[in-house]
Amino acid sequence: MAPIAADHLIETLNFEQRQAVEHGDGPLLIVAGAGTGKTATLVHRVAWLILRGSPSQRILLLTFTRRAAAEMIRRAESLIASLDGLSATGNRPSTRVGRIWGGTFHAIATRLLRRYGEAIGLSHNFMIHDRTDSEDLMGVLRTELGLHKADQRFPQKATCLDIYSRCVNAQEELTSALTKYFPWCLPWKENLRKLFDAYVDRKRKSAVLDYDDLLVCWIELLDHPRAGSAIRRLFDYVLVDEYQDTNPLQAQILYRLCPEGKGLTCVGDDAQSIYSFRGATVYNMLEFPKRFPNATVVTLEQNYRSTQPVLNASNAVLREAREGYRKTLWSERKEGPKPILAPCMDEDEQTEFVIERILDFYNRGIALRRQAVLFRASFHSIGLEAELLRRRIPFHKYGGLKFAETAHVKDLLAFLRVAENPRDLIAGTRILVMLPGIGPRTAQKLLNILAQAGGNFSAWRDHRVASAAAQSWKELVDLMVWLAAREANPAEQLAKVRAFYAPFLPQLYDNPIARSRDLEQVERIASRYRSRKAFLTEMALDPPNSTQDLSGNPELEEDYLVLSTIHSAKGLEWDAVYVIHATDGNIPSDMVTDCEELIEEERRLFYVALTRARTHLFVCYPMRYFRPGFSTGSFGADFGLAQISRFLTPKVCKAFEELVPQMPRHQIEDFEHDLPDGEPDHFTNRRYLRRLWS
DNA sequence: CTGTTGAAATTTTTT
DNA sequence: ATTTCAACAG
């Protein structure tokens, strides 16, 4: 007990934040608007609980990313350390804080399942399928069931997985999920059902869990009489961040973890719920006071992040939302530049505009890492990326394809995964079809042989394969036998795999040099892990964010611009934020225009983007596209005209300073060259308009 | 059975 | 631009 330190702890907080931090054991819901010190409050609460004497290893902190958990634990640690001098306890708080259970629902699920999974009949060495693996399995079953043979084409494997995952995560009946979110797939309902049955079945046989299974099995574990109560006994306090983006499964987990809501704290902002495509629902938040009648609800409205002009723009967007808690953020930072709305002629000009501003701010003392460019879809930044590369401006991109999901990295990891779990058919097929002369058919045969031998790779020894593969085949068998016999030192294992794999790389993909460098990185990452299983689990659940995260020399990497999807920008903030491609069709994405619920989610997404800015906010949109598929809605067109985002209504625009579109000089010259003689020389509005149609 | 080619269809965001 | 599938040659 350290009451003195605990008093000092809350000194810097406002009234509502204190209320939340010093709340006792009853269920607590913190409704926290953007930038209202949500993380600080959670961090202080963790510190407060520990200072009050709760053992840190009995606190569970559930966050949206591992990064967020690590960051919060670090902050709580330094908070306690800074107060430690004031308290007389003399304990070493840093070691105590470090032992908090922190991570994503999925990561914690994995930890618990490794420990208690046998209670529900789970093999102790189950492997985790990531998104791509799950898709691949869908693909295999899709052809196995002969679903591809039909008049109209069956949905793609990725779509099949999306549908399946939505049903599981949202606990929704297939029919209703289809009509609401995948209406174009309705005709396939019965066959989808068959496919999903086969999918569940095959996963079980392969001792493999996908992301959704982790949550489902956690619930199953909590419902198990012995394992359930054992797990409940582990924790005194459960704190959940970003509660608005949890799905019904996750809510079920919490209900079982904290019956009566004792020790449960959930934090969220209904205005920022942007993951409904993953089955998340604000319903969890709204339901909280009903589920726990003795719940305390604390609302945080004072924003510490942004200037009032930035908030005015954000509030204006939210005010037009169809429903939700009316919430008006306010800030003591009254002064600041008005956000800027910048129409651009085309994507190139938008790129030019953004880079110019970034460099200008940089020269005025705002480091690159204090600035971020945000966009709706990962591919929206490729034009910008090319220009940044050309100008040698360092950047990191978050969101989109992850390093561990690239084909060559997956190839490499597949060897270890098969060694770990010979029943993993997806990984098994992956390594086998690499050899020339071995296709899916032969691969399947070989995997059957392996299964019959109980996973002993020597069984492959006396098997003949096509002559083209004969030499590699022998090497592969030797490699697998060698791998299967060990568990420690994954880096050493990868070194051997890499030697075997190297000759295949140039045959399989273009760009072999860059890819081969990636593979070295994988090996370096592996060297941080003692066991193969731990390494593989980590790569499936929390892979490094981008290739750039790993490559490159440290000196250059010190300062870098941030490019991020809006989704990946959740919870973060920057001094200057540039939202690009704010056109209808991009924000909101034209994939969703029919359904009003989904449009509302896109509006919140836009809101999230705006509220990331501390001081400088720019919203840009090109008025014309030259690239196909960009806002035109069609795949074939080579250019299209764009409309400003419907969320930028006249009312909202009033909160912005609107710039007049400017044509870059070289374009004006080209343009004037094209004009018939006799036209006036000056850039006129009429000409500018013609440019749009010509 | 494998690997290649060409034509046709296709939905973003992520643990 | 990418994924999927059928047709065909080895």
Side-chain angles (χ1 to χ4, degrees), chain A residues 62-68 103-110 128-132 134-135 139 142-143 146-150 152-159 161-163 165 168-169 181-185 209-215 242 245-247 249-250 274-280 374-380 382 398-402 404-405 432-433 435-445 465-466 468-469 507 540-543 545 564-570 581 585-594 598 601-602 604-605 608-609 627-630 633-636:
Chain A
L62 291 161
T63 56
F64 210 69
T65 62
R66 208 256 312 258
R67 203 166 85 202
T104 61
F105 273 87
H106 296 85
I108 300 294
T110 307
I128 298 166
H129 268 184
D130 69 9
R131 177 83 226 224
T132 335
S134 306
E135 277 177 18
R142 186 173 171 276
T143 44
L147 297 175
H148 54 285
K149 198 221 129 233
Q152 290 257 303
R153 190 179 287 197
F154 198 77
Q156 296 198 349
K157 58 186 180 185
T159 312
L161 184 67
D162 284 341
I163 300 171
S165 189
V168 175
N169 279 299
Y181 306 100
F182 307 90
W184 67 94
C185 298
L209 300 186
D210 65 14
Y211 288 145
D212 304 335
D213 290 329
L214 292 173
L215 300 182
E242 308 283 6
D245 283 324
T246 54
N247 64 37
L249 282 183
Q250 290 165 315
I274 52 175
Y275 276 87
S276 79
F277 69 90
R278 230 167 75 181
L374 305 183
F375 34 86
R376 170 69 238 263
S378 174
F379 73 95
H380 287 166
I382 49 183
Y398 296 95
L401 189 68
K402 290 206 171 125
E405 283 162 1
L432 289 171
V433 298
L435 307 193
I438 296 184
R441 213 63 191 237
T442 315
Q444 197 173 25
K445 207 180 293 169
V465 293
Q507 293 169 30
L541 283 182
D542 208 340
N545 247 309
S564 176
T565 59
I566 301 175
H567 282 92
S568 296
K570 192 168 79 154
H581 292 298
N586 289 328
I587 311 178
S589 163
D590 53 9
M591 309 296 161
V592 301
T593 34
D594 314 17
L598 297 178
E601 172 148 320
E602 298 279 309
R604 293 193 295 269
L605 194 60
V608 168
R627 263 195 286 139
F630 226 120
S634 67
F635 288 85

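Everything numeric in this text was worked out from a predicted model, so none of it was measured. Labels below follow one simple rule: chain letters A, B, ... track the order of the sequence lines, proteins then strands, and each chain is numbered from 1. Excluded from the calculations below are hydrogen atoms, water molecules and symmetry mates; all remaining heavy atoms, backbone and side chain alike, are included.
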query = Can you check the Arg441(A) CZ to dC1(B) C1' distance for me, whole Å?
reply = 8 Å

task = May I ask you to say what Leu214(A) touches in the nucleic acid, namely base, sugar-phosphate or nothing, with a heavy-atom cut-off under 4.0 Å?
result = nothing

query = Do Tyr181(A) and Leu598(A) come within less than 4.5 Å of each other through their side chains, counting heavy atoms only?
reply = yes

message = Mind checking if Arg66(A) touches a base, just sugar-phosphate, or nothing, with heavy atoms under 4.0 Å?
response = nothing

key: Distance, rounded to the nearest Å, where Phe154(A) contributes CZ and dA6(C) contributes P   = 14 Å

message = Starting the side chain at C-beta, find the nucleotide from dC1(B), dT13(B), dT3(C) nearest to Gln156(A).
response = dT3(C)

ask   = Which of these nucleotides, dT2(B), dC5(C), dT13(B), is closest to any side-chain atom of Ser378(A)?
value = dT13(B)

message = Which nucleotide wins on minimum distance to the side chain of Thr65(A), given the candidates dT15(B), dA8(B), dC1(B)?
response = dT15(B)

message = What's His148(A) touching, base or sugar-phosphate or nothing? Going by heavy atoms closer than 4.0 Å.
response = sugar-phosphate

ask   = Quick one: Arg153(A) CZ to dA7(B) P, roughly how many Å, whole number?
value = 14 Å

message = In the structure I gave you, are the side-chain heavy atoms of Leu605(A) and Arg376(A) within less than 4.5 Å of one another anywhere?
response = yes

request  = Give the rounded distance in Å between these two atoms: CG of Asp245(A) and P of dT15(B).
outcome  = 12 Å

query = Side-chain N or O of Lys157(A) less than 4.0 angstrom from OP1 or OP2 on dT4(C)?
reply = yes

ask   = Is Arg67(A) positioned over the aromatic face of Tyr398(A), cation under 6.0 angstrom from the ring centre and no more than 45 degrees off axis?
value = yes

Residue-phosphate contact under 4.0 Å: Ser568(A) side-chain N/O, dT14(B) OP1/OP2 = yes

query = Atom CG of Asp162(A) to atom C1' of dT15(B): distance rounded to whole Å?
reply = 13 Å

inquiry  = Whole angstroms only, please: what is the CZ-C1' distance between Phe105(A) and dT14(B)?
reply    = 15 Å

Among dT14(B), dG3(B), dC5(C), the one nearest Pro436(A) by side-chain distance = dG3(B)

query = Is Asn169(A) reaching over with its side chain to a backbone N or O of Asp212(A), donor-acceptor style, under 3.5 angstrom?
reply = no

ask   = Considering only side-chain heavy atoms of Thr143(A), which listed nucleotide, dC5(C), dT13(B), dT3(C), is closest?
value = dC5(C)

query = Atom CD of Glu135(A) to atom C1' of dT12(B): distance rounded to whole Å?
reply = 13 Å

query = With centres under 5.5 Å and planes under 30°, do Phe277(A) and dT13(B) count as stacked?
reply = yes

ask   = Among dC1(B), dC5(C), dT14(B), which is the nearest nucleotide to the side chain of Arg278(A)?
value = dT14(B)

task = May I ask you to say what Phe182(A) touches in the nucleic acid, namely base, sugar-phosphate or nothing, with a heavy-atom cut-off under 4.0 Å?
result = nothing

ask   = Rounded to whole angstroms, how far apart are CG on Asn586(A) and P on dT13(B)?
value = 12 Å

key: Ion pair check, Glu242(A) and Lys570(A), cut-off under 4.0 Å   = yes

inquiry  = Can you tell me which nucleotide in dT4(C), dT15(B), dC1(B) comes closest to the side chain of Tyr211(A)?
reply    = dT15(B)

key: Pairwise 5' ranking along DNA chain B for Pro155(A) and Leu435(A), keeping only the more 5' one   = Leu435(A)

ask   = Among dT12(B), dT14(B), dC1(B), which nucleotide sits nearest the side chain of Ala377(A)?
value = dT12(B)

task = Grab the two heavy atoms, one from Ile587(A) and one from His581(A), that are nearest each other, plus how far apart they are.
result = CG1-O, 3.8 Å

task = Determine: side-chain N/O of Ser589(A) to OP1/OP2 of dT13(B), distance under 4.0 Å, yes or no.
result = no

ask   = Taking for each residue the nucleotide of DNA chain B bearing the nearest heavy atom, is the 5' side occupied by Val433(A) or by Glu602(A)?
value = Val433(A)

